[in-house]
Engineer: 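One structure, as structure tokens, below. Some questions next.
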Amino acid sequence: MEQIKLTNQKSLSNSQKWVIASTASGFTLENMDIMFLSFSLASIIASLHLSGTAAGWISSITNLGMLAGGAVFGLLADRIGRVKTFSYTIFIFAFATGLMYFAHSLPMIYTMRFLAGIGAGGEYGVGMALIAENFHRDHVGRMTSVAAIGGQVGAIIAALLAAYIIPRFGWNALFLFGIIPVLLTYFIRRHLTESQEFLQAKQIAQKQNQAATFGQLFKTWQLTVQTLGLMVMTIVQIAGYFGLMNWLPSIVQQQQGLSIASSSLWMIATIIGMSIGMLVFGYLMDTYGPRLSFAIFLLGSASSMFVILAAQNSLTLILAGCLIGFFSNGMFGGYGAVISQLYPAQIRSTANNLIMNVGRAIGGFSSVAIGFLMDHFNLTVTMGSLSTLYILSLLVMISLPGLKQLSK
């Protein structure tokens with residue numbers, strides 16, 4: 001199959017079409033699985049009579065599984081190949097999600113969510129590496145953003161399925177749809193092949209008897225600063241996403257007395273904002289480089305946190321959610337593009353998975369932090385704290401020497 005990277009041609013090769021279709025579909029199904037938990041959490045709490053703490057650990061355990069899976073499958077993808085590993089990760093999170101149908105106790109739920117996290121956490125870096133190795137570097141920003149939009153499509157599908165399935169058949173039945181991704185593994189193994197860039201890197205590594213290790217991400221002072229700096233940025237990215245999506249609608253309704261016709265309307269508006277933001281960010285990154293793109297979106301995120309304070313009715317609240325989604329999650333695909341360009345093919349999947357999943361594991365606790373702020377302070381302090389996080393990410397981003405080298 002063709003292994004031609006896109007330069008100035010307007011059409012994609014067959015291999016490129018399969019890469020972007022497979023990765024976008026994988027992210028769609030992964031996020032669909034994650035959102036199944038969000039939509040069914042209230043029903044799980046009610047049916048098993050769980051405390052808030054016990055229920056909160058379901059999401060946290062999923063994030064810890066992502067960290068473990070990201071570490072293991074990142075190394076595996078750099079050693080045996082992207083295509084095999086990508087299909088393995090999808091297979092694991094699909095079956096773990098489907099087995100939630102039989103989960104009628106908290107230990108069973110914890111176990112299945114940890115396994116689902118392992119599969120989902122391994123998928124991200126492998127998909128990003130596939131894109132980086134099959135497209136010209138001037139198009140990687142847009143392609144990773146297109147793949148990331150797949151995740152937002154998954155959220156919409158999950159919302160529609162949850163609205164129909166849970167009231168009629170219960171929350172367990174919703175997770176049966178998690179088996180669907182197994183079909184994707186067939187097409188991945190049938191139509192995707194390893195890129196020439198990876199095959200050459202693997203050959204060199206075998207000749208030098210060097211296997212991918214975590215130590216390669218920290219082997220020099222500059223690499224250590226770069227890796228830790230990118231981890232800080234992904235922590236902020238995930239903290240903002242989970243914190244806003246989980247808390248913002250209820251925060252505004254409680255603090256300002258506003259109401260939304262349904263949570264689905266808020267979510268759809270926010271997802272539309274996110275998707276548009278991803279497309280814009282990908283274009284800016286490919287055209288002007290990552291430093292300017294991240295600077296614009298991080299400053300936009302910091303500023304948009306306060307827009308919500310001016311919302312006076314449901315319409316302005318929804319528009320504010322769209323704007324916040326545009327900036328706060330528009331950057332998501334950019335991290336995969338940047339990491340893939342900053343680290344060589346020998347450790348590209350490892351770098352993507354470890355950096356992003358550290359962000360997920362730590363940033364995922366933002367819901368707890370925001371809850372604490374809301375208990376002890378007001379809305380202005382809460383949104384100001386989130387705004388400060390984005391400014392911190394901006395300062396870290398500016399200080400990273402590797403990003404300067406990627407500037408246009």
Engineer: Looking only at heavy atoms, what is the nearest atom pair of Val126 and Arg82, with distance?
Structural biologist: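 Taking Val126 first and Arg82 second, the nearest heavy atoms are CG1-O, 3.2 Å.
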
Engineer: Can you list, pair by pair, the side-chain donor-acceptor contacts under 3.5 Å of residues 292-303, counting residues two or more places apart and other chains?
Structural biologist:
| residue | atom | partner | partner atom | Å |
| --- | --- | --- | --- | --- |
| Ser293 | OG | Leu284 | O | 3.3 |
| Ser293 | OG | Met285 | N | 3.1 |
| Ser293 | OG | Gly289 | O | 2.8 |
| Ser301 | OG | Phe297 | O | 2.8 |
| Ser301 | OG | Phe327 | O | 3.2 |
| Ser301 | OG | Ser328 | N | 3.4 |
| Ser303 | OG | Leu299 | O | 2.9 |

Engineer: Applying side chain to side chain donor-acceptor pair (under 3.5 Å), can you list everything that pairs with Thr224, at least two apart in sequence or on another chain?
Structural biologist: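 Here no residue qualifies.
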
Engineer: Listed by chain and number, what are the side chain to side chain donor-acceptor pair (under 3.5 Å) partners of Thr227, not counting sequence neighbours?
Structural biologist: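 Thr227 satisfies side chain to side chain donor-acceptor pair (under 3.5 Å) with Tyr343 once adjacent residues are dropped.
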
Engineer: Please examine the side chains of Met356 and Met128, heavy atoms only from C-beta on, and report whether any two atoms are closer than 4.5 Å.
Structural biologist: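 No, too far: nothing below the 4.5 Å cut-off.
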
Engineer: Treating Ser87 as the side-chain partner and Lys84 as the backbone partner, does any N or O pair qualify as donor plus acceptor under 3.5 Å?
Structural biologist: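 Between the backbone of Lys84 and the side chain of Ser87 there is a qualifying donor-acceptor contact (under 3.5 Å).
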
Engineer: Would you compute the distance between atom OG1 of Thr28 and atom CD1 of Ile180 and round it to the nearest 0.5 angstrom?
Structural biologist: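 If we round to the nearest 0.5 Å, Thr28:OG1 and Ile180:CD1 are 12.0 Å apart.
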
Engineer: Asp286 and Arg137: which non-hydrogen atoms are nearest, and at how many Å?
Structural biologist: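 Smallest heavy-atom distance, with atoms named: OD1-O, 4.0 Å.
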
Engineer: Could you check Leu400 against Leu342 for side chain to side chain contact (heavy atoms under 4.5 Å, CB included), going step by step and ending with a plain yes or no?
Structural biologist: CA-CA 11 Å; Leu400 296 181; Leu342 288 176; over 6 Å; no

Engineer: Please confirm whether the backbone N or O of Leu389 pairs with a side-chain atom of Ser393, one donor and one acceptor, at under 3.5 Å?
Structural biologist: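 Pair absent, no side-chain N/O of Ser393 close to backbone of Leu389.
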
Engineer: If you look at every heavy atom in Thr97 and Gly178, which pair is closest and at what distance?
Structural biologist: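 Shortest heavy-atom contact: CG2-CA, 3.6 Å.
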
Engineer: Return the CD to CG distance between Gln216 and Leu75, rounded to the nearest 0.5 Å.
Structural biologist: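 Reported to 0.5 Å precision, the distance equals 9.0 Å.
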
Engineer: Going by side-chain contact (heavy atoms from CB on, under 4.5 Å), name the residues that satisfy it together with Leu319, two or more places apart in sequence or in a different chain.
Structural biologist: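 Only Leu315 meet the side-chain contact (heavy atoms from CB on, under 4.5 Å) criterion with Leu319.
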
Engineer: Within the 4.5 Å heavy-atom criterion, are Val225 and Gln222 side-chain neighbours or not?
Structural biologist: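 Of all side-chain heavy-atom pairs linking Gln222 with Val225, none is under 4.5 Å.
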
Engineer: How long is the gap from CE on Met305 to OG1 on Thr388, to the nearest 0.5 Å?
Structural biologist: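 One finds 11.0 Å between CE of Met305 and OG1 of Thr388.
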
Engineer: Is there any salt bridge (charged side-chain N to carboxylate O under 4.0 Å, His left out) pair reaching into residues 96-118, and which pairs are they, with sequence neighbours excluded?
Structural biologist: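 Salt bridge (charged side-chain N to carboxylate O under 4.0 Å, His left out) check on residues 96-118 returns Asp33-Arg113.
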
Engineer: Okay, side chain of Asn353, backbone of Ala71: is any donor-acceptor separation there less than 3.5 Å?
Structural biologist: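 Between the backbone of Ala71 and the side chain of Asn353 there is no qualifying donor-acceptor contact (under 3.5 Å).
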
Engineer: Which residue pairs pass the ring-ring contact (aromatic ring centres under 6.0 Å, His included) test with at least one member in residues 48-94, sequence neighbours excluded?
Structural biologist: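 For residues 48-94, and leaving out neighbouring residues, the ring-ring contact (aromatic ring centres under 6.0 Å, His included) pairs sorted by first residue read Phe91-Phe95.
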
Engineer: Could you work out, with side chain to side chain donor-acceptor pair (under 3.5 Å) as the rule, every residue matching Ser340, not counting sequence neighbours?
Structural biologist: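 In terms of side chain to side chain donor-acceptor pair (under 3.5 Å), with neighbours along the sequence ignored, Ser340 is linked to Asn352.
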
Engineer: List in chain and number order the residues that pass side chain to side chain donor-acceptor pair (under 3.5 Å) with Asn329, two or more places apart in sequence or in another chain; answer none if no residue qualifies.
Structural biologist: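 Applying side chain to side chain donor-acceptor pair (under 3.5 Å) to Asn329 gives Gln237.
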
Engineer: Taking all non-hydrogen atoms of both residues into account, name the closest pair between Pro290 and Val338 and its distance.
Structural biologist: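 In this case the closest contact between Pro290 and Val338 is CB-CG2, 3.8 Å.
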
Engineer: Answer yes or no: is there a donor N or O on one side and an acceptor on the other, between the side chain of Thr23 and the main chain of Val19, under 3.5 Å?
Structural biologist: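 Answer holds: yes.
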
Engineer: Out of curiosity, Asn357 CG to Thr234 OG1, how far, rounded to the nearest 0.5 Å?
Structural biologist: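 The OG1 atom of Thr234 is 9.0 Å from CG of Asn357, to the nearest 0.5 Å.
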
Engineer: Under a 4.5 Å cut-off applied to non-hydrogen side-chain atoms, are Val140 and Met143 in contact?
Structural biologist: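 SC-SC contact between Val140 and Met143 ruled out.
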
Engineer: Within this structure, what is the OG1-CE distance for the pair Thr111 and Met100, rounded to the nearest 0.5 Å?
Structural biologist: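 If I round to the nearest 0.5 Å, the distance is 10.5 Å.
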
Engineer: How far does OH of Tyr335 sit from CD1 of Ile238, to the nearest 0.5 angstrom?
Structural biologist: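 The CD1 atom of Ile238 is 8.5 Å from OH of Tyr335, to the nearest 0.5 Å.
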
Engineer: Just by modelled atom types, is the Ile324 backbone N or O under 3.5 Å from a matching donor or acceptor in the Ser304 side chain?
Structural biologist: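 Such a contact is absent between Ser304 side chain and Ile324 backbone.
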
Engineer: Enumerate the residue pairs fulfilling ring-ring contact (aromatic ring centres under 6.0 Å, His included) with a member in residues 207-237, sequence neighbours excluded, ordered by first and then second residue.
Structural biologist: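 Checked against ring-ring contact (aromatic ring centres under 6.0 Å, His included) - neighbours excluded - no pair reaches residues 207-237.
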
Engineer: Taking the side chain as every heavy atom from C-beta outward, state whether Leu217 and Leu354 have any pair of such atoms under 4.5 Å apart.
Structural biologist: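 They are in side-chain contact.
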
Engineer: Sequence neighbours excluded, which residues qualify as side-chain contact (heavy atoms from CB on, under 4.5 Å) partners of Ser47?
Structural biologist: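 Checked Ser47 against side-chain contact (heavy atoms from CB on, under 4.5 Å); matches are Trp171.
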
Engineer: Could you walk me through whether Ser195 and Asn134 pass the side-chain hydrogen bond (donor to acceptor under 3.5 Å, both in side chains) test, one step at a time?
Structural biologist: CA-CA 6 Å; Ser195 68; Asn134 283 276; 4.9 Å; no

Engineer: Quick check: closest heavy atoms across Ala201 and Ala345, and the distance to 0.1 Å?
Structural biologist: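 Residues Ala201 and Ala345, closest heavy atoms: CB-CB, 3.7 Å.
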
Engineer: Is any side-chain heavy atom of Arg79 closer than 4.5 Å to one of Thr213?
Structural biologist: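 The answer is yes, as the side chains (C-beta and beyond) meet within the 4.5 Å cut-off.
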
Engineer: Indicate yes or no: at least one non-hydrogen side-chain atom of Gln226 is less than 4.5 angstrom from one of Pro401.
Structural biologist: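 Heavy-atom side-chain distance check fails, nothing below 4.5 Å.
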
Engineer: Provide the closest heavy-atom pair for His104 versus Asn172 in the form atom of the first, atom of the second, distance.
Structural biologist: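 It is CE1-ND2, 3.7 Å.
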
Engineer: I'd like to know whether OH of Tyr110 has more than 12 heavy-atom contacts from other residues, nucleotides or ligands below 6.0 angstrom.
Structural biologist: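 Above 12, so yes.
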
Engineer: Knowing that exactly one of Tyr241, Tyr124, Phe27 qualifies, which makes a ring pair (Phe, Tyr, Trp, His ring centres under 6.0 Å) with Phe332?
Structural biologist: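 Checked Tyr241, Tyr124, Phe27 against Phe332; only one passes ring pair (Phe, Tyr, Trp, His ring centres under 6.0 Å): Tyr124.
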
Engineer: Please answer whether the main-chain N or O of Val83 pairs with a side-chain N or O of Glu194 as donor and acceptor at a distance below 3.5 Å.
Structural biologist: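 Present.
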
Engineer: Apply side chain to side chain contact (heavy atoms under 4.5 Å, CB included) to the pair Met397 and Leu403, showing each step before the final yes or no.
Structural biologist: CA-CA 8 Å; Met397 185 275 295; Leu403 289 183; 3.5 Å; yes

Engineer: For residues 154-170, which side-chain N or O atoms pair as donor and acceptor with protein atoms under 3.5 Å away, sequence neighbours left out?
Structural biologist:
| residue | atom | partner | partner atom | Å |
| --- | --- | --- | --- | --- |
| Arg168 | NH1 | Tyr164 | O | 3.0 |

Engineer: Test: salt bridge (charged side-chain N to carboxylate O under 4.0 Å, His left out). Region: residues 347-371. Which pairs qualify, not counting sequence neighbours?
Structural biologist: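 Residue pairs passing salt bridge (charged side-chain N to carboxylate O under 4.0 Å, His left out), neighbours aside: Glu30-Arg360, Glu133-Arg348, Glu197-Arg348.
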
Engineer: Side chains of Ile271 and Ser275: closer than 4.5 Å at any heavy-atom pair?
Structural biologist: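 A side-chain contact under 4.5 Å exists here.
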
